[in-house]
Visitor: 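Before I ask anything, let me first share the structure, which is written out below as structure tokens.
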Amino acid sequence: MKPELKRRLKSKEAVLFLIFVVIFVFMSILSPTRFLSLYNLQSMAYQLPEFGILALSMMIVIITGGINLSVTYTATLAMIIGGFAMSHMFAGGSSAGLSVLVGIILMLAGSLACGAFNGYVIAYIGVTPMLATLGAMTFFEGISLQVTRGGAISGFPIEFIKIGNTAVLGIPVPMIIFLFVLATVYLFLERSRMGATLYMIGSNPKVTRYSGINVRKNLFITYLIASLLAGIAGILMASRYNSAKESYGSSYLLQAVSAAVLGGTSIAGGEGKVIGTVIAVLIIQVISSGLNIIGLNRYLTNVVMGLILIVVLTINFLTREKQFRNN
Amino acid sequence: MKTKLLKIKELPIILILIVISIIISVANPAFMTLENFLDILKSNLVLAIMSMGMLMVMLTGGIDVSVSSVITAVAVITGYSLMHWSSNLLFTILVAVLSGTVMGLFNGLLIAKLKIPPIVATLGTMSVILGLVLYITNGTWMTGIPEKFIDFGRKKLITFPTGDGKALGIPIQFLFLLVAVLATWFILRKTVIGRGIYAIGGNRDSAERMGFKPDRIIIFVYAFEGFLIGLAAVAHTSIMRQVDPNAFLGFEMQVIAAVVLGGASVLGGYGSILGTLIGVSLFCVINNGLILMHIPTFWQKIVVGLIIIGSISIDMTQKKRTERNKTRVDVE
Amino acid sequence: SSDKGSDELTIVVMPKLVGIPYFNASEVGAMQAGKDLGVNVIYTGPTTADAAEQVRMLEDLISKGVDAICVAPNDAAALTPVLMKAKSAGIAVLDWDTPADPNVVDLSIHQIDDKQYGEHIWDLLVEGMGDTGDYAIITGGLSAANLNSWIDAGLDYAKKTYPGLNLVTERIPSDEKQQVAYQKTLDLIKAYPNLKGVVGISTPAPLGAAQAVEEKGLSDVITVVGTSLPTDSGPYLADGSLKVGTLWDPSKLGYLTVVMAADFLKGNKPVDGQMVENVGKISVWPDGRTVIMGPPADFTKENYKTFNF
Amino acid sequence: MGQTLIELKNISKTFPGVKALENIGFSIDSGEIHALIGENGAGKSTLIKILSGVYQPDSGGQIILGGRVVESLTPLEALQSEIAVIYQDFSLFPNLSVMENIALEQSVKNNDNLVDWKAMERISRDALDQLGISLDLNTILGDLSIAKQQLVAIARSLANNARLLILDEPTSSLSKNEVRKLFDIMHSLKNKGMALLFISHKIDELFAISDKFTILRDGKYIGTYGEDELDDEQLISLMVGRKIEYTIYPKNKRTEPLLEVRGFSKKGNFRDINFTLHKGEILGLTGLVGAGRTEVAQAIFGLNPADEGTLLLDGKEIINSTPNDAVKAGFSFVPENRLQEGLVLSKSIEDNISLTMLDALSGKSSLINLKKRKELTRNWMEKMDIRPNIPEMITSKLSGGNQQRVVISKWLATDPKVLIVDEPTNGIDIGAKSGIHQLLRDLAEKGLGIIIISSELPEILAIADRVAVMRRGRIITEFFCENITQEDIMSKAL
Ligand SMILES: Nc1ncnc2c1ncn2[C@@H]1O[C@H](COP(=O)(O)OP(=O)(O)OP(=O)(O)O)[C@@H](O)[C@H]1O
Ligand SMILES: Nc1ncnc2c1ncn2[C@@H]1O[C@H](COP(=O)(O)OP(=O)(O)OP(=O)(O)O)[C@@H](O)[C@H]1O
Ligand SMILES: [Mg+2]
Ligand SMILES: [Mg+2]
């Protein structure tokens, strides 16, 4: 038991958590009354879920050795499809409850359709994920533009807006949804049969196929699930932003990749822990909010983020080296 | 000869390029004109130059998402140098390639020495470099590039007289592309390091066992990529006559897409200059064709997305079929 | 502003994004106003024109505790919930440059009337190319609300006033990049050989169009007009490839925004015809909260050197 | 014999948790073929990697090379000292041409800056000519079969004009004929004064070619002996510490048919394959490398579906169009190339063994029962004697033989009806080999049908009930294994 505990304390995730604590304390000292205020903590809890869910979605795909550049446009296409129906139904006199229900169902269905598209092209046709999702990103954006003509879809019932903007017992609803998603993704990836398969596919698809596993089906489902998560993030965004538009969250794309790798997911596939990604998301959120409150130039915030990425990975490298030498 | 031609790996993508070109020129004969090709050439030179560097990086199994920020930084430095130091052409080129090489070197060191995965290392440098450039310049355009340099940018290499008294010409910036392609070709084909690049991409451990120094090769590759970006920055500045620190936002994706479209493997080891140039051409031709074919604006992205996925799917299906029907045994 | 302890006012001015010339110029004006009025101005915004990023930043700024938020929304609807939060936190909410949801703003600072501006641009086009013939529009991005509203106003106007004008294809996006506008214009020239005019909306667009026209030696055939900053467009105005650029002084807009916010916090409402120092005479709509800065300035070959933005 | 070429003193190597080598010391003379032998995991490959500079030995040891004493070598130093190695995993480049795989090393060794394509062509052609094989120099290596790749690896070391040529199990995927050719070459190299260090688990080969034997056991040096000082039995007992020989198992009577292959054909792979596998039977499938045995096996397993033909299991027609179908129907397939097809090298023993068992390990909940998984792994690691006994060990760090055991474990764990094994004892030491034979026989006793593909005829004769001989994509004949000799089979296969 003891060596197990020791190993855990030395793990990448532990180091990352330590870094998170340091940054959090640092921000708190810099701005005790504001950063550490209840209001700010709550506000961060509102902001984090949509990004966190996108990062988890990205992580699942990266574990299979892929990448999903269309993740944010999946979220927005889904919200546009559902939002379009929802606002039209609502304007047409349907009850708020029904419109919201139909809207949400369509948003999830829309994201699944995007996932099926990517999944088919990648798993069954065999196109490199990077290129397939790059094409899909353009394609989804195109459809969104075609539907919205560049504008935003709004006029949602207030019941829908509430999803992203209310708190239960002080805990924002998006945060509750995030925790639920997080637990599910954890069970799926790290405890379930299919999760185990995905890690093996990410490490070596050929051997996995030779082992009698239906690699194509698993990959296909992976993209479905990842896109469904993007759809959930889309619902949160549409609700928080009270509208649906093709460009929402486009800055999350590279951030989601960064969060996954910062959290220890191997970009080559086959490796990565949910908890790592979550800590990375927390780090990014705290830096972003903290520096914003302190009033640092937005570009310097990017510089800090980049440096942290490099520094954390360097630390990982150095600890690995040290362990290697000590043994 | 015939069989050799059929064996070219790039054949499917070449055919796709030809088919798309034919479709466009049927829709609009203006496509198949010298003038249009020269326009395409001039407006995509920078992409083509940068694709050479990216090809090398991807051959080692790496990727570089910082190219857009590096070219921005180099363009800003070049612009500053032009306006404050000297408008001498050679000096300008020297400044540009030096600063590009230094930034590439930095990426290379992170990747080779600190073993940071390329996509992550370059994501990091992208944030840092772009953040600094925009912080310093605040996004302000640098106008007032010396006339001497702008005049250079307007020069033509060879001119072709046209019927209506105008003259078309190959833009002077084509030289930069030529240098980039030839240098890349020379390195990849003629030097031991170049073969080492392929070897690392194919099997890194074996390359090391064979006596290659993968770390050094990787550093070299990123530095060389930086060097090419330096050339690209000069070409770009001489065409655009100003420096806009926001001009390259998102450009990295285009470079990567063109190279992958040209058949390079994201896992390393596979990819060719010919393929890459065809990938770039396909990219340019599609973009060029959108307006020439009068495709309505709101359909354009849908069309581009589908063409990218469609052509690579055809390529893939083709490869799978050959693989499946490969003769493995000389059956009696 | 609990950390401050003083009673200095803190006003946030948030552009759609930072790091582009237009909003840099606004920053200069806003900061100057802060200095002149003795208020604390924070000029910050996202690095890409993303509404989501704006919302996140606004949430943080509400946490920070400020007195007024003036925002140029990337998307009006998207900001409504967060602006409502700001209001309920006792923060004054203003929009500037681009309107936000009118139900949540205390004041709305417009550089210009969108409709008039659109019509003005089309008038400039017709001045150059005449009222018949083919023309095209190059815009910054398909989903930029204010650009779209100018174009829509202009198109409506052209339909009624200049029926001879023929728009060859829908507005073409240029990703806010001169290089792309340049490329697209080259393609347009070949695709539509009878093209006589190009309207560039967003600051880099007219320049890219002008560059292409100049290179093709068509400065005399194709009229390029559009929204551009006089300093950046100097060379193109000088060589005649860009006929006219039209824009207001963004720094004045920044200045006016801060002045209005500070006044509002002090309990002063704007009045029609009010003279604002360093800006000029403003007009206020009957609703009492929509402030219009004034007509744009047109830049031509002759006068561009007299502007400094 | 010539003079001492290289001498090792006190060489040790420790990996995290494993002492792979302990105070090894012996010398190799020029003009000799020196066999390095030991069980799987004895440390042979590790020693070779030290000689070639891939690993640095623990400090305190000495390598004496042409009078120069060093503690360790770098790969380039090793190359420049003219030590050439054919690694167990070949160390080739799948994306480069045959020519470059053979000749590029020269340029690196000479510190060249530029590539001389003409010289490369000459060097590689010479090397292939020496081997007496013809290959298109411009073929991309990845497109070649494993056997041909191995020939390329050999050609590469020939091209190096090495003074010491190390061959780590070079014969593991060669057929008899090719082995004979290789041995001829080794002889002629030896006569030219080159020293050869040779690793193999095939005892008959060792005696056929070696002048000296150096025996390692558990990382320790046991001794060096001349070929006339030892016989097979002594050698084996020195190596494993006990006596072992090929047991010839009693043959089964025919029972009811289990698997029937009817008219299997696939263009460019095989034609009109017909055979029946009975319950409790071991059917050998043999022939020269390239005869199409692997292709047939892959077709049955759904990896390389046939164009025509039918498959009957227990009399019912089934279609295996993917491995997934095959596994569901009760097939297991141990592929011939464990590195590329058998193991996820970056994952642990546990992950690999449980890969085929995920369904069984997770109940309705779809969540994996971690305890059951641990148990399963432990059971198989014990049963197959996988060393080191650490389930979390990453499989790339296992010795070749132990890797093979993991692959076999993962397939036996599924409790199949039909087990297809393609060169299953490739690279497995003689002790373990007899263990695997015993295991296969026991499984057959329990009613399993087994198809074994092997180029090693004694192995086939020892355990198979029947053997089908393939030649150029067709089954030429079938024998019952009772009263036939290797020569009977070879005469059909050629
Ligand atoms: N599940 C899979 N995952 C990844 N690659 C696969 C998969 N199945 C087949 N391939 C690859 O596709 C190629 C053809 O394989 P195979 O002959 O098994 O295809 P198939 O199942 O007949 O194809 P299809 O279903 O398209 O007819 C091979 O290169 C193989 O590696
Ligand atoms: N990189 C490594 N890290 C940890 N342990 C290793 C590593 N490489 C080898 N070992 C261990 O060193 C021991 C010797 O392995 P080696 O590969 O030399 O065996 P071998 O004699 O070649 O066996 P085989 O005949 O099975 O190939 C084994 O226990 C192996 O697990
Ligand atoms: Mg070995
Ligand atoms: Mg075989």
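A note on names: the letters A, B, ... follow the listed sequences, proteins ahead of strands, and every chain is numbered from 1. Treat the numbers as computed from the prediction; the structure is a model and nothing was measured.
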Visitor: About how many Å separate CE of C:Met57 and OG1 of A:Thr301, when rounded to the nearest 0.5 Å?
Guide: 7.0 Å
Visitor: Should we count CZ of A:Phe24 as having more than 12 external heavy atoms under 6.0 Å?
Guide: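 Yes, CZ of A:Phe24 has more than 12 neighbouring heavy atoms, counting only those of other groups under 6.0 Å.
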Visitor: Given heavy-atom pairs under 4.5 angstrom as the criterion, report whether the side chain, backbone, both or neither of C:Thr48 touches chain A.
Guide: side chain
Visitor: Chain C heavy atoms under 4.5 Å from A:Ser251: which part of the residue, side chain, backbone, both or neither?
Guide: both
Visitor: At a heavy-atom distance under 4.5 Å, which candidate from C:Val82, C:Asn148, C:Ile62 has the highest pair count against chain A?
Guide: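 Winner by heavy-atom pair count: C:Ile62.
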Visitor: Please tell me whether C:Glu27 and C:Tyr22 have a donor and an acceptor in their side chains that are separated by less than 3.5 angstrom.
Guide: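 No, C:Tyr22 and C:Glu27 have no side-chain donor paired with an acceptor closer than 3.5 Å.
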Visitor: Check each atom of A:Glu246 against the heavy atoms of chain C and say whether the ones under 4.5 Å are side chain, backbone, both or neither.
Guide: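 For A:Glu246, side-chain heavy atoms alone lie under 4.5 Å from chain C.
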Visitor: Chain A heavy atoms under 4.5 Å from C:Asn74: which part of the residue, side chain, backbone, both or neither?
Guide: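 C:Asn74 touches chain A through backbone heavy atoms alone.
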Visitor: Would C:Lys85 and A:Tyr46 count as a cation-pi pair here, with the cationic atom under 6.0 angstrom from the ring centre and within 45° of the axis?
Guide: yes
Visitor: Would you call the rings of A:Phe51 and A:Tyr252 parallel, tilted or perpendicular, where under 30° means parallel and over 60° means perpendicular?
Guide: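 Parallel: the ring planes of A:Phe51 and A:Tyr252 meet at under 30°.
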Visitor: Should C:Glu53 and C:Lys16 count as an ion pair when the cut-off is N to O under 4.0 Å?
Guide: no
Visitor: When heavy-atom pairs shorter than 4.5 Å are enumerated against chain A, which of C:Ala145, C:Pro173, C:Pro81, C:Gly45 gives the highest number?
Guide: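 If we count pairs closer than 4.5 Å to chain A, C:Pro81 comes out on top.
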Visitor: Can you list the steps and then say if A:Gln47 with A:Arg240 is a side chain to side chain donor-acceptor pair (under 3.5 Å)?
Guide: CA-CA 9 Å; A:Gln47 294 178 40; A:Arg240 265 168 51 74; 6.0 Å; no
Visitor: Check whether A:Ile293 gets within reach of chain C through its side chain, its backbone, both or neither, counting any heavy atom under 4.5 Å.
Guide: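 For A:Ile293, the contact with chain C is made by backbone and side chain together.
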Visitor: Let's test your reading of the structure: which of C:Asp75, C:Leu79, C:Asp101 forms the most heavy-atom pairs below 4.5 Å with chain A?
Guide: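 That would be C:Asp75.
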Visitor: Most heavy-atom pairs under 4.5 angstrom with chain C, which of A:Met237, A:Gln42, A:Glu50, A:Arg149?
Guide: A:Arg149
Visitor: Checking C:Tyr157 side chain against C:Lys115 main chain: does a donor-acceptor pair fall under 3.5 Å?
Guide: no
Visitor: Select one option (side chain, backbone, both, neither) describing which atoms of A:Asn302 are under 4.5 Å from chain C's heavy atoms.
Guide: side chain
Visitor: Where on A:Ile294 is there a heavy atom nearer than 4.5 Å to chain C: the side chain, the backbone, both, or neither?
Guide: backbone
Visitor: Quick check for you: among C:Ala51, C:Ala77, C:Ala89, C:Ala76, which has the greatest number of heavy-atom pairs under 4.5 Å with chain A?
Guide: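 Greatest number of close heavy-atom pairs with chain A: C:Ala77.
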Visitor: A:Gln255 versus chain C, heavy atoms under 4.5 Å apart: side chain, backbone, both or neither?
Guide: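 The answer is the side chain of A:Gln255.
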Visitor: For the pair C:Lys87 and C:Asp106, find out whether any cationic side-chain nitrogen is under 4.0 Å from an anionic carboxylate oxygen.
Guide: yes
